[in-house]
Amino acid sequence: MELTLLRSFLAVYRTGSFTKAAGLLAISQPTVTCQIRNLEKEIGQLLFLRTSRGAIPTEAAEELAEETGAHIDALEAAVLRRQDPLDLTERTLSLAGPADMVSTLLLPALAGLIHDGLRLRVGFGPTNDLLDDLSAGLHDLVVATAQPRRHGIVETPLMDEEFLLVGPAALAGRVPPEQVASAGPAALKGIPIIAYADNLPIVRRYWQTVFAERPSCGAQVVVPDLRAVLATVKAGGGISVVPSYLCAGELARGEIRPLHEPATRPLNTLYLATRTGASANVVLSAVHSHLLTEAKSWSAMSAGVHSDSQQ
């Protein structure tokens, strides 16, 4: 049995009129009449007496309303909470993005909303895969490392991440920034590169932007998590290019050192991506706005790392 038949039945029962029920359900009166007739055929009982005073419920209708009313109301409420939640507690939000950025910045920034009742399910992965999932309705909000430019998806710039060429503290003495500035990548020859992916996306961006050339060798270690990349560099495994927000603590403690200080650091803009029209959702809107506000302090932190590393 279609639940729409029971929904229409309850509307007629509660309003006492086929016409009023049609207005309540935003459908035509003949449609309501047809649905009630279909329901009566399915259960084999007359539900309403059509009179000049309206639709008079029969005893069978009274029993059916008593047995189904609360359940249909609960089902409708469950759907409405997901379509148009009234507060943070009524709908679980699916958020996804790069593991390092989500873990380091986003989740700590949402701690206050979580304390207030926000429910989250978090996923990690490459931007293109996550955007596919967003379009399919598997995620509500995605942090994209490139501008989506997809039909049905709207994006808002979140922050610019700055990239630093870093190495372990001990290496900075042997390869000072001045040497890298004068000799370029040749000063780094023979030092293992730790990268996020086989095609060295972040390292390649830095090399092309700053040195105007592509890396001449591949990565010796590839690990798809920038936190692991940074940990390997800190332990003395090699060099890499990482976002300034990620390595601020290690720089402040002297555990790693910048190996190069270009006049302008390479940047990459991160975006918050949602499905078109989805931001009207109360939960999504609250998270979206909160992250945009918090991102202002992340940008300030990146600027502070830049200033500290030049001192």
(request) Heavy atoms only: give me the nearest Ile193-Cys217 pair and the separation to one decimal. (result) CD1-SG, 4.0 Å

(message) Determine whether a donor-acceptor pair (N or O, by modelled atom type, separation under 3.5 Å) exists between the side chain of Thr104 and the backbone of Met101.
(response) no

(message) For the residue pair Glu155 / Gln147, report whether a side-chain donor-acceptor contact shorter than 3.5 Å exists.
(response) yes

(request) Check whether Leu6 and Val12 end up in the same hydrophobic cluster, where Ile, Leu, Val, Met, Phe, Trp and Tyr are linked by side-chain heavy atoms less than 4.5 Å apart. (result) yes

(message) Do Asp140 and Thr92 have side chains that approach each other closer than 4.5 Å (heavy atoms only, starting at C-beta)?
(response) no

(message) Ser240 vs Leu230, test: side chain to side chain contact (heavy atoms under 4.5 Å, CB included). Steps then yes/no.
(response) CA-CA 8 Å; Ser240 193; Leu230 180 59; over 6 Å; no

(message) With a 3.5 Å distance limit and no angle check, can you tell me whether Thr127 reaches the backbone of Thr145 through a side-chain donor-acceptor pair?
(response) yes

(request) State, to 0.1 Å, how close Ala169 and Arg257 come at their nearest heavy-atom pair, and which atoms those are. (result) CA-CG, 3.7 Å

(request) Consider only side-chain N and O atoms of Glu162 and Tyr245, and report whether a donor and an acceptor are under 3.5 Å apart. (result) no

(request) Measure the CG-CG distance between Leu105 and Leu270 for me, rounded to the nearest 0.5 Å. (result) 9.0 Å

(request) Taking all non-hydrogen atoms of both residues into account, name the closest pair between Pro266 and Tyr206 and its distance. (result) CG-CD1, 3.6 Å

(message) I need the single residue from Arg119, His139, Arg121 that forms a side chain to side chain donor-acceptor pair (under 3.5 Å) with Ser94. Which is it?
(response) His139

(message) Would you say Ser103 and Arg227 are linked by a side-chain donor-acceptor pair, where the criterion is simply a distance under 3.5 Å?
(response) yes

(message) With a 4.5 Å cut-off on side-chain heavy atoms, are Arg265 and Ser244 touching?
(response) yes

(request) Find the distance between CG (Asp225) and CG (Asp100) and round it off to the nearest 0.5 Å. (result) 5.5 Å

(request) Please check if atom CZ in Arg50 has more than 12 non-hydrogen atoms from other residues, nucleotides or ligands closer than 6.0 Å. (result) yes

(request) Kindly work out whether a path of hydrophobic side-chain contacts (I/L/V/M/F/W/Y, heavy atoms less than 4.5 Å apart) joins Leu291 to Tyr271. (result) no

(request) Supply the atom-to-atom distance Ser135 OG to His151 NE2, rounded to the nearest 0.5 angstrom. (result) 9.5 Å

(request) Verify the cluster assignment for Val223 and Val203: are they in a single hydrophobic cluster under the rule of side-chain heavy atoms below 4.5 Å apart? (result) yes

(message) Nearest 0.5 Å, please: how far is CD1 in Ile72 from CZ in Arg7?
(response) 10.0 Å

(message) Closer than 3.5 angstrom, by distance alone: can the side chain of Arg214 be matched with the main-chain N or O of Trp207 as a donor-acceptor pair?
(response) no

(message) For the residue pair Thr269 / Asp160, report whether a side-chain donor-acceptor contact shorter than 3.5 Å exists.
(response) yes

(message) Determine whether a donor-acceptor pair (N or O, by modelled atom type, separation under 3.5 Å) exists between the side chain of Thr209 and the backbone of Arg205.
(response) yes

(request) Please test Leu164 against Ile256 for side chain to side chain contact (heavy atoms under 4.5 Å, CB included), starting from the C-alpha separation and ending with a verdict. (result) CA-CA 11 Å; Leu164 291 173; Ile256 62 172; over 6 Å; no

(request) Could you tell me whether the side chain of Leu106 reaches within less than 4.5 Å of the side chain of Trp298, counting heavy atoms only? (result) yes

(message) Between Ile36 and Asn38, is the side chain to side chain contact (heavy atoms under 4.5 Å, CB included) condition met? List the steps.
(response) CA-CA 5 Å; Ile36 297 302; Asn38 288 339; over 6 Å; no

(message) Between Ser8 (side chain only) and Leu5 (backbone N and O only), is there a donor and an acceptor less than 3.5 Å apart?
(response) no

(message) Let me check something: do Val32 and Ile56 share a hydrophobic cluster, defined by ILVMFWY side-chain heavy atoms less than 4.5 Å apart, either directly or through other members?
(response) no

(request) Could you check if a side-chain atom of Glu294 sits within less than 4.5 angstrom of a side-chain atom of His290, using non-hydrogen atoms only? (result) yes

(message) Could you report the tightest heavy-atom contact between Leu131 and Ala273, atom names first, then the distance?
(response) CD2-CB, 4.0 Å

(message) With clusters defined by side-chain heavy atoms of hydrophobic residues (ILVMFWY) lying less than 4.5 Å apart, directly or transitively, does Val241 cluster with Leu267?
(response) no

(request) Could you give me the CA-CA distance, side-chain angles and deciding distance for Thr15 and Leu24, then say whether side chain to side chain contact (heavy atoms under 4.5 Å, CB included) is met? (result) CA-CA 9 Å; Thr15 63; Leu24 181 66; 4.2 Å; yes

(request) Establish, from distance only, whether the side-chain atoms of Gln29 and Thr33 form a donor-acceptor pair under 3.5 Å. (result) yes

(message) If you compare all heavy atoms of Gly238 against all heavy atoms of Val233, which two are closest, and at what distance to 0.1 Å?
(response) O-CG1, 3.5 Å

(message) Can you confirm whether more than 12 heavy atoms, excluding those of Arg253, are under 6.0 Å from its CZ atom?
(response) yes

(message) Quick check on the 6.0 Å ring-centre criterion: do Phe9 and Phe48 meet it?
(response) yes

